[in-house]
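Heads up: the structure comes next, in structure tokens.
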Protein chains: 2
Amino acid sequence: MADPEKRFETIIQKLRDNGHKITPQRMAIIKILAESKCHPSVEDIHDQIKNNFSTMSLATVYRNIVLIKSLGEILELGFPDGSNRYDGNKPYSHPHIICVKCKKIVDPDLDSLEDLKNELAVETNFKILNHRLDFFGICSNCMAEEV
Amino acid sequence: MADPEKRFETIIQKLRDNGHKITPQRMAIIKILAESKCHPSVEDIHDQIKNNFSTMSLATVYRNIVLIKSLGEILELGFPDGSNRYDGNKPYSHPHIICVKCKKIVDPDLDSLEDLKNELAVETNFKILNHRLDFFGICSNCMAEEV
DNA sequence: ATGTTAAATGAGAATAATTATTATTTAAGA
DNA sequence: TCTTAAATAATAATTATTCTCATTTAACAT
């Protein structure tokens, strides 16, 4: 996991470089995205900020996510049930493993992913650009709780 | 790819076994899902059937997909832009590689996927149940077209 | 410091995809 | 053929996201 402070600064700088203003609302959103505890949803972000910023609009969260995504600084994870989750800490393709019980999301390091990509490139002749790899299972904690 | 005829029969039989009626609309939907050319969307299915069945309702397509999904006979692929695609031919987790130019979806055979799963299980201590693996890239055809 | 201006925001309306409702139709077994 | 619960068509309701527009404000110049 990258240092949230550094990620925050990186995103802010990128916005500055592209001529965008740094507003308090924007900073609050980026602070949460830079940390990306548990890959928050738009609602999560909005709820969290509303505690300090009672007038924070949902539209502002959406707008900022679109903007920062267009700069390549957040990764969007869409799920079939329509829930979108965001990761501003590691904004590039990487595998996840998700506990179907407690919904925890873990980022594993998988050395053999390179082998898989090589096999894929050879077999399909595609030029591979990025990926979305999610595994679903039950974490050791939830497994222990099962009787 | 499984034989679409066989897949059709399998799904129909499973519906019968669970006490569901076999209507013409239902059969038309299942016929398309059993083949799953290019993993159709709800709209694709509806449009295709409307040619023969002018009164076919969108809601019926949605309802049948929910039902057949609950019986484990179709795989739902949700994408971040909100588009959901369906595969009733191979209704279990399997990797895809998707051309970002022509949107073609290919199902590769990846022997090294087992190694990856093993590495993952060891590293995370999760009990792995299923997965969603999508690679995005450019197919050889589209690559050739680039100047 | 103050003024200027284009960008950003808040609030609510608009949109689009999906789900629910209800009256009507129909598949399947008696 | 009859009966009945399930399925359908049409449309209303719902929900997540995007748009609109009046207002505010960050950033820059003076």
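In what follows, every chain begins at residue 1, and chains take the letters A, B, ... in the order their sequences are listed. Hydrogens, waters and symmetry mates are skipped; everything else that's a heavy atom, side chains included, is used. All values reported here derive from a predicted model rather than from experimental measurement.
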>> Using the rule given for side chain to side chain contact (heavy atoms under 4.5 Å, CB included), can you reason through A:Lys14 versus A:Asn18, listing the C-alpha separation, both sets of side-chain angles and the distance that settles it, and then say yes or no?
In response: CA-CA 6 Å; A:Lys14 195 147 191 179; A:Asn18 287 74; 4.1 Å; yes
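Within the 3.5 Å criterion, the main-chain N or O of A:Glu73 finds a donor-acceptor partner in the side chain of A:Arg7.
Screening residues 76-101 of chain A for ring-ring contact (aromatic ring centres under 6.0 Å, His included), with sequence neighbours left out, gives A:His39-A:His96, A:Tyr92-A:His94, A:His94-A:His96. Sorted by first and then second residue, the pairs that involve residues 22-34 of chain A and meet side-chain hydrogen bond (donor to acceptor under 3.5 Å, both in side chains), not counting sequence neighbours, are A:Arg26-A:Asn64. Within the structure, salt bridge (Lys or Arg N to Asp or Glu O under 4.0 Å) pairs that include any residue of residues 36-62 of chain A comprise A:Glu35-A:Lys37 (at least two apart or interchain). Applying the salt bridge (Lys or Arg N to Asp or Glu O under 4.0 Å) test to pairs two or more places apart or on separate chains, those with a residue in residues 98-108 of chain B are B:Lys90-B:Asp107, B:Lys101-B:Glu146. Judged as a side-chain hydrogen bond (donor to acceptor under 3.5 Å, both in side chains), the pairs with a partner in residues 121-132 of chain B (not counting sequence neighbours) are, in order, B:Arg132-B:Asp134.
Looking at residues two or more places apart in sequence or on another chain, you find a side-chain contact (heavy atoms from CB on, under 4.5 Å) between A:Arg63 and A:Ala59, A:Thr60. With sequence neighbours excluded, the residues that form a salt bridge (Lys or Arg N to Asp or Glu O under 4.0 Å) with B:Lys69 are B:Glu76. Scanning for side-chain hydrogen bond (donor to acceptor under 3.5 Å, both in side chains) contacts around B:Asp17 gives B:Gln13, with sequence neighbours left out.
Of the residues in residues 5-12 of chain A, not one places a heavy atom less than 4.0 Å from an atom of DNA chain D.
Protein chain A contacts DNA chain D from D:dA16 to D:dA27, reading 5' to 3' and using non-hydrogen atoms of the protein with a distance under 4.0 Å.
Nearest heavy-atom pair, A:Val42 versus A:Leu58, reported as atom, atom and distance to 0.1 Å: CG1-CD2, 3.5 Å. Nearest heavy-atom pair across A:Cys38 and A:Ile105 is O-CD1, 4.4 Å. A:Cys139 and B:Phe126 make their closest contact through CB-CZ, 3.5 Å (heavy atoms, listed as atom of the first residue, atom of the second, distance).
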> Tell me, for nucleotides 3-9 of chain C in 5' to 3' order, what letter each nucleotide earns: B for a base near a protein heavy atom under 4.0 Å, S for only sugar-phosphate near one, - for neither?
Replying inline: ---BBSB
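Each end of the helix from C:dA1-D:dT30 to C:dA30-D:dT1 gets its own rotation axis from five pairs of C1' atoms, and the angle between them is 30° to the nearest 10 degrees.
Atom C1' of nucleotide C:dA28 and atom CD1 of B:Ile22 are separated by 11 Å, given to the nearest angstrom. Rounding to whole angstrom units, OH of residue A:Tyr62 and P of C:dA14 are separated by 19 Å.
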